[in-house]
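So the structure is just underneath, and the comments pick up after that.
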Amino acid sequence: MGSRASTLLREEEIEEIKKETGFSHSQITRLYSRFTSLDKGENGTLSREDFQRIPELAINPLGDRIINAFFPEGEDQVNFRGFMRTLAHFRPIEDNEKNKNAAASEPLNSRTNKLLFAFRLYDLDRDDKISRDELLQVLRMMVGVNISDEQLGSIADRTIQEADTNGDNSISFNEFIKVLEKVDVEQKMSIRFLH
Amino acid sequence: MEDLWCVAAGVFQVWVFVVVFLIMLPAMFGLSLGVTGVYIQILVRILEWATLRIQRGRQEQPRIIERAGGSMQEEMGPLRSSCSLSGREFALSDAFYFCKKGLESIADDQVTQRFSSEELASWNLLTRTNQNFRYISLRLTVIWGFGVFVRYCVLFPLRITLAIIGLSWLVIGTVLVGFLPESSVKNWLSELVHLTCYRICARGLSATIQYHNRENKPQKGGICVANHTSPIDIVILANDGCYAMVGQIHGGLMGVIQRSMVKACPHVWFERSEMKDRHAVTSRLRAHVAAKTKLPILIFPEGTCINNTSVMMFKKGSFEIGGTIYPVTIKYDPRFGDAFWNSSKYNMVSYLLRMMTSWAIVVNVWYLPPMTRQDGEDAAQFANRVKSAIADQGGLLDLAWDGGLKRGKVKDWYKEEQQKMYSSIIVGQNGFNSAAPCSAGPEQQ
């Protein structure tokens with residue numbers, strides 16, 4: 001008579017995920033239900049097609065980049081731990097109770113890690129630099145066919161010009177952080193998870 | 001040994017007696033002995049008790065996230081300086097908006113949940129709906145076990161018998177009526193046969209149906225549209241009136257039933273090839289409606305089964321035929337049995353078996369006032385108007401998404417709209433502004 005979903009998720013695993021991501025017990029079980037409902041193949045992992053089946057994600061201009069963020073380098077399947085780890089980036093920062101795990105490394109949802117997530121959206125080849133080409137490609141995803149190549153090129157050039165401080169014609173992560181230092185990243189890159 | 005046979009024969013006689021006199025005959029005359037009513041009352045008591053016990057254990061919240069509303073314009077606005085010329089410049093932080101929306105839809109979206117059964121806030125003692133509930137107490141388990149016994153060993157055989165009787169009666173009855181010449185007597189007899197059969201089938205599912213606003217019942221020469229949750233919808237609606245069914249001819253048992261039904265009164269069955277030709281379909285339906293003496297057509301414009309928590313896009317084809325539309329809302333009570341047919345998970349037979357081993361089917365049917373297309377309204381707008389009325393009445397969520405997303409991909413058009421909207425934000429309606437005289441300093445504020 002046990003439940004279909006949570007028998008597959010053991011208490012120890014929930015504790016580990018809790019420590020790693022900061023989600024509460026009930027949030028983890030609910031997200032696990034969500035994970036299993038997306039997992040049509042019922043093999044405990046999600047593939048890119050499973051994500052594509054969400055209509056609201058499929059129509060998102062950056063949908064493919066977001067889906068890609070879930071999959072580690074070169075892999076095609078993501079398990080529940082990886083799923084939670086990626087979602088954890090979007091936990092609101094004020095949810096971190098003080099000194100919960102002060103000794104641990106930086107929490108996944110810190111400002112820096114949120115910015116890193118966004119940086120990786122642009123950095124297509126994961127070489128820790130946003131080149132002009134990569135910026136152009138992502139811009140093209142966002143605007144579709146509505147802006148000409150030249151206009152888009154100018155936009156990309158100007159963006160790099162303003163952000164690039166060491167003159168290598170690409171944006172490194174530190175330059176990225178500098179450019180966005182006045183942006184309210186905490187609010188823009190957080191989702192309100194209900195308890 | 002002899003005694004055993006006598007006992008068996010006796011039991012069988014009682015069985016037949018019960019079935020014929022307590023179920024079939026009342027069904028023919030549309031009466032009810034009130035047994036089902038009492039059964040439902042008892043069930044409600046037990047389920048409430050079970051719910052309380054479970055709620056002592058845990059609190060469940062159905063939603064995972066709370067979305068911040070706001071359009072693309074609003075969300076991207078505060079990221080920019082007060083540069084209010086035509087269009088603003090691109091900023092690296094623009095991606096944040098799409099990122100957040102994307103992650104929100106991964107955590108919880110409006111569409112994919114409609115294609116699987118509704119999650120209940122409390123358990124209704126059926127194993128199949130036991131998703132998040134674990135072992136609570138011995139008493140509950142005992143009740144559950146007893147419930148299994150009752151459902152599978154007592155109710156199920158009874159229901160199967162009724163279903164078989166109902167269907168064979170339909171086939172035989174309609175064939176017999178078909179021999180008569182066209183006349184009002186034939187129509188009356190055909191109605192009687194259809195109604196009786198559907199009533200028996202409804203008993204076969206322990207269905208309790210509550211009809212509201214019967215003065216709005218669909219009339220002859222009209223089109224009846226309803227939200228679609230399962231094949232049982234037809235039985236539910238046909239318990240209260242006769243409709244002309246529309247559909248594709250199947251082979252096998254379904255085909256036999258379809259062919260015999262059409263002998264008694266005109267239904268509209270299509271060959272598979274004809275279904276592809278929208279024009280042919282529309283003209284046949286139009287001819288049927290134009291003959292004002294024919295029964296109202298029953299159509300489910302969603303085109304597929306949805307899980308009864310929302311109403312999805314209505315295909316406009318049904319609304320181009322003309323004539324008066326009679327909207328109907330069907331709402332199942334999920335506590336007693338999950339009526340949704342998840343066709344990707346269960347085939348028809350296993351679905352029917354699940355139905356017959358549920359507690360009961362409790363349905364509310366609302367007949368809404370008839371609607372016609374107004375001037376200056378095209379078929380799609382009319383369809384949306386009818387859809388909103390139906391959703392409103394049943395307390396269902398009105399979604400614009402296409403039910404076809406159950407199986408197919410979403411159209412690229414939607415993504416292109418988003419891209420267009422974003423482009424007009426960064427470039428403006430009248431093109432590129434290169435020498436943007438904004439306040440000095442980086443635009444990325």
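Computed from heavy atoms alone, side chains included, the values below leave out hydrogens, waters and symmetry copies. Proteins get letters first, then strands, A, B, ... in listed order; numbering begins at 1 in each.
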Original post:
Do S423(B) side-chain atoms and V143(A) backbone N/O form a donor-acceptor pair below 3.5 Å?
Top reply: yes

Subject >> Side chain to side chain, V111(B) and I54(A), heavy atoms closer than 4.5 Å >> reply: no

Subject >> Backbone of E56(A) reached by a side-chain donor or acceptor of Y414(B) within 3.5 Å >> reply: no

Original post:
Has K411(B) got more than 12 heavy atoms of other residues, nucleotides or ligands less than 6.0 Å from its NZ?
Top reply: no

**OP:** Scan I191(A), T86(A), I66(A) and name whichever one has a side-chain contact (heavy atoms from CB on, under 4.5 Å) with I106(B).
**Re:** I66(A)

Original post:
Less than 4.5 Å apart, any side-chain heavy atom of F98(B) and any of R65(A)?
Top reply: no

**OP:** Would you check if W401(B) and P55(A) make a side-chain contact, meaning some heavy-atom pair closer than 4.5 Å?
**Re:** yes

**OP:** Among L57(A), I130(A), I67(A), single out the residue with the greatest number of heavy-atom pairs under 4.5 Å to chain B.
**Re:** L57(A)

**OP:** Against chain B, label F119(A) side chain, backbone, both or neither, depending on which of its atoms sit under 4.5 Å from a heavy atom there.
**Re:** neither

Original post:
Can you tell me how far CG of L194(A) sits from CD1 of I65(B), rounded to the nearest 0.5 angstrom?
Top reply: 8.0 Å

**OP:** Check whether any side-chain heavy atom of L180(A) lies under 4.5 Å from a side-chain heavy atom of F96(B), and answer yes or no.
**Re:** yes

Original post:
Would you call E186(A)-K100(B) a salt bridge at under 4.0 Å N-O?
Top reply: no

Original post:
If you round to the nearest 0.5 Å, how far is CZ of R67(B) from CZ of R192(A)?
Top reply: 12.5 Å

Original post:
Is chain A contacted by the side chain of Q110(B), its backbone, both, or neither, given a heavy-atom distance below 4.5 Å?
Top reply: both

**OP:** Could you give me the CA-CA distance, side-chain angles and deciding distance for F90(B) and M142(A), then say whether side-chain contact (heavy atoms from CB on, under 4.5 Å) is met?
**Re:** CA-CA 11 Å; F90(B) 164 74; M142(A) 290 203 271; 3.6 Å; yes

**OP:** Kindly compute the distance separating CD (Q113(B)) from OG (S33(A)), expressed to the nearest 0.5 Å.
**Re:** 12.5 Å

Original post:
If you measure from the Lys or Arg side-chain nitrogens to the Asp or Glu carboxylate oxygens, is any gap between R34(A) and D109(B) under 4.0 Å?
Top reply: yes

Original post:
Would you say L121(A) and C99(B) make side-chain contact, with heavy atoms under 4.5 Å?
Top reply: yes

Original post:
Does Q419(B) reach the side chain of N146(A), with side-chain heavy atoms less than 4.5 Å apart?
Top reply: yes

Original post:
How long is the span from the CG atom in L103(B) to the NE2 atom in H89(A), to the nearest 0.5 Å?
Top reply: 10.0 Å

**OP:** Identify which part of W413(B) has an atom lying under 4.5 Å from any heavy atom of chain A, answering side chain, backbone, both or neither.
**Re:** neither

Original post:
Nearest 0.5 Å, what's the CD1-CD distance between I59(A) and E417(B)?
Top reply: 10.0 Å

Subject >> Gap separating the CZ atom of F176(A) from the CG atom of L92(B), nearest 0.5 angstrom >> reply: 5.5 Å

**OP:** Against chain B, label S148(A) side chain, backbone, both or neither, depending on which of its atoms sit under 4.5 Å from a heavy atom there.
**Re:** neither

**OP:** Among the options L139(A), V138(A), V185(A), L31(A), pick out the one with the most heavy-atom pairs lying under 4.5 Å from chain B.
**Re:** L139(A)

